[in-house]
2 protein chains.
Amino acid sequence: MDVESLRCVVTLAEELHFGRAAQLHYVSAGHFGRRIQRVERHLGARLFDRTSRRVALTPAGERVVAHARTVLAELDELRKSAVCPGRP
Amino acid sequence: MDVESLRCVVTLAEELHFGRAAQLHYVSAGHFGRRIQRVERHLGARLFDRTSRRVALTPAGERVVAHARTVLAELDELRKSAVCPGRP
DNA sequence: GAAGGTTACGCACAACGTAAACATG
DNA sequence: CATGTTTACGTTGTGCGTAACCTTC
């Protein structure tokens with residue numbers, strides 16, 4: 001799994017709209033949908049209910065998004081720890 | 001950045017040997033080295049000192065590996081939360 | 001019938017293995 | 001000179017955009 005896909009899931013959870021979420025990631029809507037599908041298949045659980053007019057988080061989706069935020073925040077710490085020379 | 005590369009960094013930190021670490025990930029040693037290089041370039045910091053006979057973690061490498069373990073553990077929680085139906 | 005999500009197709013880039021080159025003890 | 005890491009090169013797979021298709025209000 002790649003981190004960018006996790007970011008896509010979080011963004012879609014915030015926007016609840018594939019088109020806007022895709023624009024925020026500078027990718028086409030078609031590809032964005034495939035990314036979400038891949039994450040869902042990879043995890044073996046549906047994260048979003050989309051009725052072609054309405055996008056909503058499933059219970060599993062809510063749990064995954066919460067964890068995804070934690071992961072992304074920790075990755076941010078990781079990047080910072082790589083550059084900072086120790087502890088000034 | 002992809003998660004598999006993070007796992008490679010952690011494995012190399014444990015083995016301190018490119019060949020063995022690569023085998024543990026079922027990839028060639030050549031490709032494994034490129035993965036590590038990419039992570040280092042991506043983070044803008046050298047994580048391992050290799051003198052072609054000795055592999056050792058740099059201070060930045062130690063910090064990054066510690067964070068990487070946290071990220072991977074959190075990702076494990078994420079996967080579990082996706083399948084578990086809620087809380088019986 | 002218009003807006004929004006999905007599927008099909010094609011191109012381009014990046015992952016990967018093999019093997020040769022280079023470095024160190 | 002033997003062990004171990006890096007680089008070069010060719011092949012294969014996958015990411016990605018475009019556009020057509022399906023569904024709902």
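The sequence lines fix the lettering, A, B, ..., with proteins before strands; numbering per chain opens at 1. The analysis underlying the following values was restricted to heavy atoms, covering all of them including side chains, and did not include hydrogens, waters or symmetry mates.
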Query raised in the report: What's the CZ-C1' distance between A:Arg20 and C:dG5, to the nearest Å?
Result: 14 Å
Query raised in the report: Around atom CZ of B:Arg54, are there more than 12 heavy atoms of other residues, nucleotides or ligands at under 6.0 Å?
Result: no
Report task. Rounded to the nearest angstrom, tell me the gap between atom CZ in A:Phe18 and atom P in D:dG17. Result -> 16 Å
Requested in this report: Report the distance from atom NE2 of B:His42 to atom CZ of A:Arg79, rounding to the nearest 0.5 Å.
Outcome: 3.5 Å
Query raised in the report: Base, sugar-phosphate, or nothing: which does A:Phe32 touch, judged by heavy atoms less than 4.0 Å apart?
Result: nothing
Requested in this report: For the pair A:Leu43 and B:Val83, evaluate side-chain contact (heavy atoms from CB on, under 4.5 Å) and give the outcome as yes or no after the intermediate values.
Outcome: CA-CA 7 Å; A:Leu43 292 175; B:Val83 291; over 6 Å; no
Query raised in the report: So, do A:Leu78 and A:Glu74 sit near enough that their side-chain heavy atoms are less than 4.5 Å apart?
Result: no
**Report entry** Salt-bridge criterion met for B:Asp2 and B:Arg35 (N-O under 4.0 Å)
**Finding:** yes
Query - Separation of atom CD in A:Gln23 from atom P in C:dG4, rounded to whole Å - result: 11 Å
Query - Terminal axis angle for the helix from C:dG1-D:dC25 to C:dG25-D:dC1, five pairs an end, nearest 10 degrees - result: 30°
Query raised in the report: Could you go step by step and tell me if B:Glu4 and B:Val27 meet the side-chain contact (heavy atoms from CB on, under 4.5 Å) rule?
Result: CA-CA 11 Å; B:Glu4 190 58 23; B:Val27 296; over 6 Å; no
Listed pairs, N/O of protein and of nucleotides 23-25 of chain D, under 3.5 Å:
| residue | atom | partner | partner atom | Å |
| --- | --- | --- | --- | --- |
| D:dT23 | O2 | A:Ser52 | OG | 3.1 |

Query raised in the report: C:dC16 C1' sits how many Å from B:His25 NE2, rounded?
Result: 15 Å
Query raised in the report: NA contact type, A:Tyr26, heavy-atom cut-off 4.0 Å: base, sugar-phosphate, or nothing?
Result: sugar-phosphate
Query raised in the report: Roughly how many Å is it from CZ in B:Phe48 to P in D:dT6, rounded to a whole number?
Result: 11 Å
Requested in this report: Could you tell me the separation between the NE2 atom of A:His67 and the NZ atom of B:Lys80, rounded to the nearest 0.5 Å?
Outcome: 9.0 Å
Query - Ring geometry between B:Phe48 and B:Phe18 (parallel below 30°, tilted from 30 to 60°, perpendicular above 60°) - result: perpendicular
Query raised in the report: Checking side-chain contact (heavy atoms from CB on, under 4.5 Å) for the pair A:Leu47/A:Leu12: CA distance, chi angles, key distance, verdict?
Result: CA-CA 10 Å; A:Leu47 304 181; A:Leu12 182 56; over 6 Å; no
**Report entry** Spacing between B:Asp49 atom CG and C:dA23 atom P, to the nearest angstrom
**Finding:** 18 Å
Report task. Taking the side chain as every heavy atom from C-beta outward, state whether A:Leu75 and B:Leu6 have any atom pair closer than 4.5 Å. Result -> yes
**Report entry** Value in whole Å for how far the C1' atom of C:dA14 lies from CG of A:Asp2
**Finding:** 13 Å
Write out a two-atom table: protein N or O, nucleotide N or O from nucleotides 7-14 of chain D, distance below 3.5 Å.
| residue | atom | partner | partner atom | Å |
| --- | --- | --- | --- | --- |
| D:dT7 | OP2 | B:Gln37 | NE2 | 2.9 |

Query - Any A:Arg35 side-chain nitrogen or oxygen under 4.0 Å from OP1 or OP2 of D:dC16 - result: yes
**Report entry** Rounded distance (Å) that lies between atom C1' of D:dT5 and atom CG of B:Leu16
**Finding:** 14 Å
Query raised in the report: Does B:Met1 reach the side chain of B:Arg38, with side-chain heavy atoms less than 4.5 Å apart?
Result: no
